[in-house]
Number of protein chains: 2
Amino acid sequence: MALNQKSLAKILQHAETLCKQREVRLTPQRSKVLELVCAADGPIGAYEILDRLRQTIGNPAPPTVYRALDFLLEQGLIHKLESLHAYVGCSHPDHPHASQFLICSDCGDVREIESSGIADSLRQAQKNTGFKAKRPVVELLGTCARCQISNDRKV
Amino acid sequence: MALNQKSLAKILQHAETLCKQREVRLTPQRSKVLELVCAADGPIGAYEILDRLRQTIGNPAPPTVYRALDFLLEQGLIHKLESLHAYVGCSHPDHPHASQFLICSDCGDVREIESSGIADSLRQAQKNTGFKAKRPVVELLGTCARCQISNDRKV
DNA sequence: TTTTGGGTGTTACAATATATCATTCATCAG
DNA sequence: CTGATGAATGATATATTGTAACACCCAAAA
């Protein structure tokens, strides 16, 4: 997750391009929130964003953050981790895609995966049911490989 | 979701059997909460459970409900819908399984599906990554078939 | 210039969830 | 039986996450 300046700038620029194409407004606030989410070292909560926003904007209130987050979610520029109440930058905002996350309950590590198998099976399920997903949520809560090993050692 | 008395009793009895096998305690409170979740006409929130619990138990507080819910979740007797902050009874608590839900943002309808394709792809992803899921969360947020049709009519 | 709609500021509050500590209760070893 | 142990519960307070509602601003179109 830890991001260098270069790729951060690239992400922001890319977001700007996308929004222009889509004729939606990536305002300074929204852009700043996107920056904070992407620059964060892992998933970040709305109120943590709010705190960091204080260093840029004078006295922001919760709705400020939530409005920006809603916009960014709609544009697919960020993902929400429902089970963590936290947000992460989207690694490839061009093509809408099922966000798939592995969330380790032991160490807190969150990893985004991009399994075409999962994506395919979700598509198939939609075909079968006539359901049309706007925002797929796939979050596997459990134990990452590393923590399984260190847990085994303890026992 | 709407459940008749017979299947409700069957579910509760089944839960009791399972807990006995597993040597965990399905106390009266936990059983009551399970009953409320299963009897509910759709997903039910923790505070709604709390309200209904008042008719049985004298002056319960939030922790009472959340403790019971935690237990039931661990035992796989209920599912949590992370994106709704609500709970539903598990339709087949014997074998742990990926809970997969289609959640319609228009009409609020929630449908549990059991796609072996999704289950397989999740298993495969775990194999590939060494991650071990304890609680898979699959929630497709979007529009159900019925609402798509009625939306089309409006436009 | 008026209107219109999106975006923002601000205040207050709703909804969801947990920390903490005291108490009870079943179980089991001695 | 008794005391010890750990799980479950009671009770109070508070933390965390998310919205409602209304006023205001500003750019673009009529």
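Reckoned from all heavy atoms, side chains included, excluding hydrogens, waters and symmetry mates. Labels below follow one simple rule: chain letters A, B, ... track the order of the sequence lines, proteins then strands, and each chain is numbered from 1.
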Can you check whether B:Lys32 reaches B:Thr56 side chain to side chain, under 4.5 Å on heavy atoms? yes
Would you call B:Glu82 and B:Arg135 a salt bridge, taking side-chain N to carboxylate O under 4.0 Å as the test? yes
Within residues 14-28 of chain A, which residues have any heavy atom lying less than 4.0 Å from an atom of DNA chain C? A:Arg25, A:Thr27
Side chains of B:Gln124 and B:Asp120, donor plus acceptor under 3.5 Å: no
Answer yes or no: is there an ion pair linking B:Asp51 with B:Arg54, defined by an N-O contact shorter than 4.0 Å? yes
Atom CG of B:Leu81 to atom C1' of C:dA17: distance rounded to whole Å? 17 Å
Output the rounded distance in Å from CD (A:Glu82) to C1' (C:dT16). 13 Å
Under a 4.0 Å heavy-atom cutoff, the residues of residues 59-71 of chain B touching DNA chain C are B:Pro62, B:Pro63, B:Tyr66, B:Arg67
If you look at every heavy atom in B:Leu140 and A:Val137, which pair is closest and at what distance? CD2-N, 4.4 Å
Once you round it to whole Å, what is the distance between C1' of C:dA17 and CG of A:Leu84? 14 Å
Residues forming a side chain to side chain contact (heavy atoms under 4.5 Å, CB included) with B:Gln21, sequence neighbours excluded: B:Thr17, B:Leu18
Please name the pair of heavy atoms, one in A:Phe71 and one in A:Arg25, separated by the smallest distance, quoted to 0.1 Å. CZ-O, 3.5 Å
Output the single nucleotide from C:dA17, C:dG9, D:dG10 whose closest atom is nearest the side chain of B:Ala46. C:dA17
Using a cut-off of less than 4.0 Å, is there contact between a side-chain N or O of A:Lys80 and OP1 or OP2 of D:dG18? yes
Assess whether one donor atom and one acceptor atom, taken from the side chain of B:Tyr47 and the base of C:dA17, lie less than 3.5 Å apart. yes
pair B:Gln100-B:Glu139: side-chain heavy atoms closer than 4.5 Å: no
Would one find a side-chain N or O of B:His85 under 4.0 angstrom from OP1 or OP2 of C:dA17? yes
